[in-house]
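As the structure is a computational prediction, the values presented were derived from the model and not from experiment. First the proteins, then the strands, lettered A, B, ... as listed; each starts at 1.
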Number of protein chains: 2
Amino acid sequence: MERYDPHAFPPFAVTVDLAVLTVRGDTLQVLLVERGQDPYRGDWALPGGFLLPDESAESAARRELAEETGLSPATAAGLHLEQLRTYSDPGRDPRMRVVSVAFTALVPDPPEPRGGGDAARARWVPAAGTGPLAFDHVRILADAVERVAAKFEYTCVATAFCPPEFTLGELQQVYETVWGVALDRPNFRRKVLATPGFVEAVEGGPRRTGGRGKPAALHRAGPARSLHPPLLRPEGRHP
Amino acid sequence: MERYDPHAFPPFAVTVDLAVLTVRGDTLQVLLVERGQDPYRGDWALPGGFLLPDESAESAARRELAEETGLSPATAAGLHLEQLRTYSDPGRDPRMRVVSVAFTALVPDPPEPRGGGDAARARWVPAAGTGPLAFDHVRILADAVERVAAKFEYTCVATAFCPPEFTLGELQQVYETVWGVALDRPNFRRKVLATPGFVEAVEGGPRRTGGRGKPAALHRAGPARSLHPPLLRPEGRHP
DNA sequence: GCAAAAGTGTTCGCAGTACACCCATGT
DNA sequence: ACATGGGTGTACTGCGAACACTTTTGC
């Protein structure tokens, strides 16, 4: 930094890109928007945009998240948002040098697709096997999915995919979807309940989920953020 | 991104900052440079610098790493370098908007301090309890140290702190230093050897380390990058 | 009654823990 | 001889895997 004239630095554009993930039914889905401008006009891409002059990447990401999901800023403020990594290869944007700070957002099921804000169109698609995406977004998406799957092992973020109150069956469904494996229900249940602060029981009547079967007890996300000992994927796969 | 004129984006300066860590004896140390220019002239800071117009953040980080450590580019190319996260708060640089991509580098002990390249002076200092640093570098350093400690649990990066050939005692010393705890030697040994690809035995004569004691067998870092099951810190502490 | 989902109990094996103990070298 | 660090063996314990079983609902 010492040998540069502060007024002669090479200028870059800085953007944020968001991998907004949700679990719907038994598939992990990602929010994509259709690009309305060149380059990649008409292609699908991760939502994102330029940093404004006076905001941090985190602020920009949360602003974009609220715009693209169509949620109120108050609701969007509570969503789980986490920096993934920064992509800076020259040539990743054909127009100019763009450095992009990528984020992963985990949202509970029902935020309706809605082509909110400015994006031409927006939709949820399965995160595995999206077609080609604009820029290097296929790689960003792959990194995001792998990171989330890895984080499930030693953190409590899985509850970010669940509504405020959820059953242990729903939480297990989230794990099984993200990991793509079946888990033993009794063991999963014990493991979760044995971790202090992972989930908290909700007093009051249980509810039925799909109607059939015994009504399940409801739980809330607890204050814990990490899982000790971790909950490891059956066939330990770490790339 | 759609509503912006490509030629009217807000410009930012982009830098890389490096937390270059090593284990010397029984302390984790970080490489600091003395700033030769305002702002923070005369203060200590993490090494780093601006991105050149045609390089990625990774390239810039490796270039700076070679310059600051004074190692040959060929040697520096083999060092463990990993993106940490990006710091973008407005006001983190008093002059202008600077977005910094931070990296963590792990180097084996003996790369001599050397105030290489352009930095006025450079020195190794204990990573815990450095005085105040320039910019937000105290926070970057803290994030780097915590990340490394966490990675030791489920990856094989610890060998990056060791020379090409090392003893299991040295590897254990690295773990104990980074975690700040004592480990049981027989159990550590079995755990490491039971993980395929973590370390490989070197044929040929054993060597003595400090002279005293039984000569230890030498090992090389193996091809494995992850640890399954993980090697957990005794008092599971994850912030 | 039957299917489906929640919830409980129990057995088994293995991995991590905590040691005791032997080996090889320098002083 | 003894201190120092390397290396091996072993008994105990607790968690996770696997699976049987009971409970409560909708149809």
Point-to-point distance, once rounded to the nearest 0.5 Å, from CD of A:Glu64 to CG of A:Leu46: 12.0 Å
Gap separating the CG atom of B:Leu168 from the CZ atom of B:Phe198, nearest 0.5 angstrom: 9.5 Å
Under-4.0 Å salt bridge between B:Glu58 and A:Arg85: yes
Trace of the side chain to side chain contact (heavy atoms under 4.5 Å, CB included) decision for B:Glu68 with B:Leu18: CA-CA 10 Å; B:Glu68 307 286 358; B:Leu18 277 77; over 6 Å; no
A:Asp143 and A:Tyr87: side chain donor to acceptor below 3.5 Å: yes
Most 5' of B:Leu231 and B:Lys214 on DNA chain C, judged by nearest nucleotide: B:Leu231
Most 5' of B:Gly213 and B:Pro230 on DNA chain C, judged by nearest nucleotide: B:Pro230
Nucleotides bounding contact with chain B, strand DNA chain D, heavy-atom threshold 4.0 Å: D:dT4 to D:dT10
Parallel, tilted or perpendicular: ring planes of B:Phe135 versus B:His137, cut at 30 and 60 degrees: tilted
Exam field: side chain A:Arg233 to backbone A:Glu153, donor-acceptor pair closer than 3.5 Å: no
Leading and trailing nucleotides of DNA chain C with any atom under 4.0 Å from heavy atoms of chain B: C:dG16 to C:dG26
Any residue of residues 184-195 of chain A with a heavy atom less than 4.0 Å from an atom of DNA chain D: A:Asp184, A:Pro186, A:Asn187, A:Arg190, A:Lys191
Under the side chain to side chain contact (heavy atoms under 4.5 Å, CB included) test, residues paired with B:Glu82 that sit two or more places apart: B:His80, B:Arg147, B:Lys151
side-chain hydrogen bond (donor to acceptor under 3.5 Å, both in side chains): pairs with one or both residues in residues 159-169 of chain B, sequence neighbours excluded: B:Glu165-B:Arg220
Result block: side-chain N/O donor-acceptor pairs under 3.5 angstrom for residues 187-195 of chain A, not counting sequence neighbours:
{"from": "A:Asn187", "atom 1": "OD1", "to": "A:Arg190", "atom 2": "NH2", "distance (Å)": "2.9"}
{"from": "A:Asn187", "atom 1": "ND2", "to": "A:Asp184", "atom 2": "OD2", "distance (Å)": "3.0"}
{"from": "A:Lys191", "atom 1": "NZ", "to": "A:Pro229", "atom 2": "O", "distance (Å)": "3.0"}
{"from": "A:Thr195", "atom 1": "OG1", "to": "A:Lys191", "atom 2": "O", "distance (Å)": "3.0"}

